[in-house]
Amino acid sequence: CFSSAVKMVARCAWLGLMLGVSSAGSLPRRSATVVNCDVVVVGGSVAGLAAAVTSAKEGVTTCLLVPTDMVGGQMTANGIPALDFSTEDGRKPFNESGAGPDTMAANQATDLQNLLRSLPGPNYRNTCWVSAYCFLPTQLESNGIAALLRGVGPNLRVYRETVLLDATTAPQPGNGSQRRRIESVRAVQRTPTEGTPCGGYGTRLSESLPDWYSPEPSPAFHKAVLEFRSPVWIDTSYNGELLALAAAPYLQGIDEAFDGDVSGTSGNDTIGQCFTMTYHSHLHDVPVPQPDHLPGMNPSWVPPNPFRASPAIHTPTNRLDWASLWTRRRSYHSFAPPHSAKMSPRPMADNRGLGMDPPPVNNVSAGDVHLAAWPDFYYGYVFTSKATTQRSVGTPSWVGGYNVANIEAAERYSYGAYRTYARAAPPQWLNHTDLNSSYLGTCTGLSKMPYIRDGRRSVGVGGFVIDINFTARYHTPSLPPDCVALMGHGFDIWGHRMMDKPMDNTGSGIATCAPNDTTCEAYPQYMRGSGGTGYTCAPLRAFTNAAVANLVVGGYTMAQSFMVNSGLRMHPEEFQGGVAAGAAAAHLSAAKVASTEAALSPSIVAAIQARIKRHAPLEYSGAPPPFPGPIGFICAAALGRCVQVPGGGAFNKNNTRADCGSCRPLAANEWVAIHGSFDFDSTTMTATFRTATRIKKSFVNSGMIPSNQSLPVVPHQQLKLTRDPSAPIAIDKYTYVLVTCAEPRCGL
């Protein structure tokens, strides 16, 4: 593919492990200012922040390229400032007793701890019910992130509002080497012209992207073309921008025929996880004018109504009510009276068993700020196909491989979500909310970048990716020898075009497809498993690329399967991966290691691990057991029955006892069902199921119990019961009820 005599702009497509190149595109090549760095980090993500800071602290000159004016990715510009830890203990701050292994300070990178501790006072802690840390992006950016960047010193140079144009590669020196090296990257840095609204964020992202990626000045921006040169590169971008430009092999979406399939040709690279253009809404103490200029939604879309299963949206039901949704990822709690000081950690009957009562309306206070990360856009993928992306490289149509049309559609979808939610407010808050521009820094009220759940993923040296077989083998206390980043989370897939995600997922990692939804049905059957990665450790192999010798990856671009990515995409995992990428790149640069492949030798692995330990742990404190842990039995007090449970009841201290004692086992015709998965008619004693699910003899996921312990049901199927369903009980991630079946097939 590559001539040893000629350097060229890389425009290769990944087809298995074969590379091809085409001639340079028609993108104008304006004169560029040369910038030399020891390490270049592409992407202002959570991992990019961690990688750049770690690399600079390790003594090498590091250049960080950020697409917006905010560093921190998910925590800031991408609009998901609510840290997602691996268990319900993730709602306990570092300094609170009883925090689980996922949030213990000893198991987190030092810089991440300091960032979260920079959040002032109670307004940002225990104010939402998905995390101990929900905050305003501007608050973290102006306080913690700014201080972190300043504290690094002159080794770190940050190039904000900078995106990549193209990459130049050359053959890797060495006898018979089939790998290449990135030698330089051209980028365009924009500066808003005087009077440009909102500092250059006056239009929606879909309208702005073509301007961002054009090297030509525009009415909104002055432009400078920069040519970065470096011996070592890190791609921590959410869109795998450097992977695409350097013709590095990568996976995208569900293009794996099986988990860990690296051919990249067997699946569908235009279907992945859904994405979101998030927004913040401020609650005022008086009515405020509502926006009337928002573009309309496609009438064929399902309205993003979080209350669609509720007959009365102001009353807590099996779905979220208005106050529950407001506080789900509340970024700021004003505590203006009336209020309750803290979310109560009591068992509840809804909110999917997350262990918090839905807050009363008086827990919502004027001055609160709500983050809407729930208008997930299911109708299109955030990236163009790999073939389309390849064709755009080097041409004016290059916009980072983003699907601009789908981003524009997602923006409209979020505006529709705002309308739906604002109009659903209880009487005392009707017309008191706004689409706020302050906290994300845009005139549009939407996030500067999309909240993306899966990015372009590198294929590592030797075709390596972290797959579910790897995580099944390597978890605490048995970690891989080239362990460089502690990570662990349950699989968390929010799929494409899933109209009504059922609460049980029929024992799968993704939702059941709507009838005749062929796009949803494209998800491979291997994703029908459940569980998680366990408390594992990402190996150095996962931070490499099979074809590009001086490219380090981290965060979303790490070499991992689609399934594993769904667990390792969370903020803490992304930060830990960034630390590893930064330390590895710093060592490659400082020690002049020839390639990432050479870095996999035991002596160099040990040297990189020594650098990482200055910034993050490589062993778990408290030696937590693998999760979900051993299957045990508990007495489910609300049901009055002894039932199997994952983790021996460790997730449900408020609801269960560790042993069954005199508690009765389930009778032959008694089953547990997901609360809210059916409608019950007490007149006919009939349960009519809303979606495909399973009734079970266990609280353990359907995929982990014998087939005779679960019965499948389909949408609209009816079951006759002998008595009313029991009171609900929260177990692990779900909420269950006891049903007593009157039909022979249920075991009568």
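Counting begins at 1 with the first residue of the sequence. All of these numbers come straight from a predicted model, not from anything done at the bench.
- Here the side chains of Leu148 and Val53 are in contact, with some heavy-atom distance below 4.5 Å.
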| message | Phe377 vs Ile407, test: side-chain contact (heavy atoms from CB on, under 4.5 Å). Steps then yes/no. | response | CA-CA 9 Å; Phe377 186 68; Ile407 290 175; over 6 Å; no

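- Shown here for Ala585 and Val39, the closest heavy-atom pair between the two residues is O-CG2, 3.7 Å.
- A donor atom on one side chain and an acceptor atom on the other are found under 3.5 Å apart for Tyr418 and Gln290.
- Every side chain to side chain donor-acceptor pair (under 3.5 Å) that Asp434 has, sequence neighbours left out, goes to His284.
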| query | Hey, mind stepping through Leu64 and Arg157 against side-chain contact (heavy atoms from CB on, under 4.5 Å) and telling me if it holds? | reply | CA-CA 6 Å; Leu64 172 62; Arg157 308 173 195 165; over 6 Å; no

| query | Stepwise, does the side-chain hydrogen bond (donor to acceptor under 3.5 Å, both in side chains) test hold for Ser281 with Asn436? | reply | CA-CA 5 Å; Ser281 186; Asn436 192 276; over 6 Å; no

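- Here the CG atom belonging to Asp368 is positioned 6.0 Å from the CG atom belonging to Leu283, to the nearest 0.5 angstrom.
- A donor-acceptor pair is defined here as one N or O able to donate and one able to accept, closer than 3.5 Å; such a pair exists between the side chain of Ser45 and the backbone of Gly48.
- Distance alone, capped at 3.5 Å, is enough to place a donor-acceptor pair between the Tyr421 side chain and the Trp322 backbone.
- Note on ring orientation: taking the six-membered ring where Trp is involved, the planes of His280 and Tyr439 are perpendicular (angle over 60°, cut-offs 30° and 60°).
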| message | The test is side-chain contact (heavy atoms from CB on, under 4.5 Å); show your working for Leu149 and Leu156 and say whether it passes. | response | CA-CA 8 Å; Leu149 296 176; Leu156 179 59; 3.6 Å; yes

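- In this structure, Thr196 contributes its side chain and Ala220 its backbone to a donor-acceptor pair below 3.5 Å.
- Thr54 has its side chain out of reach of Ile612: every pair of non-hydrogen atoms, C-beta onward, lies at least 4.5 Å apart.
- Note that Arg328 lies outside the cation-pi zone of Trp374, set by a 6.0 Å cut-off to the ring centre and a 45° limit from the axis.
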| message | Show, in sequence, the C-alpha distance, side-chain angles and deciding distance for Tyr451 and Gln74, and conclude whether the side-chain contact (heavy atoms from CB on, under 4.5 Å) test is met. | response | CA-CA 7 Å; Tyr451 165 35; Gln74 291 192 75; 3.7 Å; yes

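- Counting non-hydrogen atoms of neighbouring residues, nucleotides and ligands closer than 6.0 angstrom, the CD atom of Glu619 reaches no more than 12 such neighbours.
- Within the 4.5 Å cutoff, side-chain heavy atoms of Thr278 are placed close to those of Leu371.
- Side-chain N/O atoms of Tyr133 and His571 include no donor and acceptor closer than 3.5 Å.
- With contacts defined as side-chain heavy-atom distances shorter than 4.5 Å, the pair Tyr556/Leu568 does not qualify.
- No donor-acceptor distance shorter than 3.5 angstrom exists from the side chain of Arg330 to the backbone of Cys128, with no hydrogens or angles considered.
- Both the sub-6.0 Å distance and the 45° axial angle are satisfied by Arg456 relative to the ring of Phe383.
- With respect to Arg160 and Glu141, a salt bridge is recorded, a charged nitrogen being found less than 4.0 Å from a carboxylate O.
- When every heavy atom of Pro81 is checked against every heavy atom of Ser331, the shortest pair comes out as CG-OG, 4.1 Å.
- Put simply, CG on Leu140 and CG on Leu83 are 8.5 Å apart, with the number rounded to the nearest 0.5 Å.
- Summarising the geometry of Ala485 relative to Phe543, their closest heavy-atom pair is CB-CZ, 4.2 Å, with the distance given to 0.1 Å.
- Minimum interatomic distance between Ser334 and Ser365 (heavy atoms only, all atoms of both residues): OG-CB, 3.4 Å.
- Rounding to the nearest 0.5 angstrom, the gap separating the CG atom in Leu119 from the CZ atom in Arg117 is 11.5 Å.
- Side-chain contact check for Met75 versus Pro137: every heavy-atom pair is 4.5 Å or farther apart.
- Checked by atom type and distance alone, the side chain of Thr76 pairs as donor or acceptor with a backbone atom of Val71 at under 3.5 Å.
- Sorted by first and then second residue, the salt bridge (Lys or Arg N to Asp or Glu O under 4.0 Å) pairs involving residues 66-77 (not counting sequence neighbours) are Asp69-Lys448.
- Considering only residues two or more places apart in sequence or on other chains, Asn78 meets the side chain to side chain contact (heavy atoms under 4.5 Å, CB included) condition with Tyr238, Met449.
- For the residue pair Glu161 / Tyr201, a side-chain donor-acceptor distance below 3.5 Å is found, with atom types taken as modelled.
- We find the CG-OH distance between Leu209 and Tyr402 to be 7.5 Å, quoted to the nearest 0.5 Å.
- Formation of a donor-acceptor pair under 3.5 Å by the Thr557 side chain with backbone atoms of Gly240 is not found in this model.
- Side-chain contact between Leu65 and Leu164: present, with at least one pair of heavy atoms (C-beta onward) separated by less than 4.5 Å.
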| query | Going through the distances and angles, do Thr442 and Thr444 end up as a side-chain hydrogen bond (donor to acceptor under 3.5 Å, both in side chains)? | reply | CA-CA 5 Å; Thr442 64; Thr444 66; 3.3 Å; yes

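- Met570 contributes atom CE, which lies 10.0 Å from atom CD1 of Ile80 (distance to the nearest 0.5 angstrom).
- Of the possible polar contacts, one joining the Glu573 side chain to the Gly488 backbone as a donor-acceptor pair under 3.5 Å is found.
- Ser437 and Cys443 get closest at one heavy-atom pair: OG-O, 3.4 Å.
- Within the 4.5 Å cutoff, side-chain heavy atoms of Trp326 are placed close to those of Thr433.
- Considering all non-hydrogen atoms of both residues, Ser566 and Gln273 come closest at CB-NE2, 3.7 Å.
- Tyr332 places none of its side-chain heavy atoms less than 4.5 Å from the side chain of His370.
- Judged by distance alone, with hydrogens and angles left aside, the side-chain atoms of Thr236 form a donor-acceptor pair with the main-chain N or O of Val42 at under 3.5 Å.
- With hydrogens and angles disregarded, a donor-acceptor distance shorter than 3.5 Å links the side chain of Glu411 to the backbone of Leu205.
- Between the CH2 atom in Trp212 and the CD atom in Glu207 there is a gap of 12.0 Å [rounded to 0.5 Å].
- A donor-acceptor pair under 3.5 Å is absent between the side-chain atoms of Thr536 and the main chain of Thr533, judged by distance alone.
- Note on Arg569 versus Asp492: salt bridge recorded, some NZ/NE/NH1/NH2 to OD/OE distance being below 4.0 Å.
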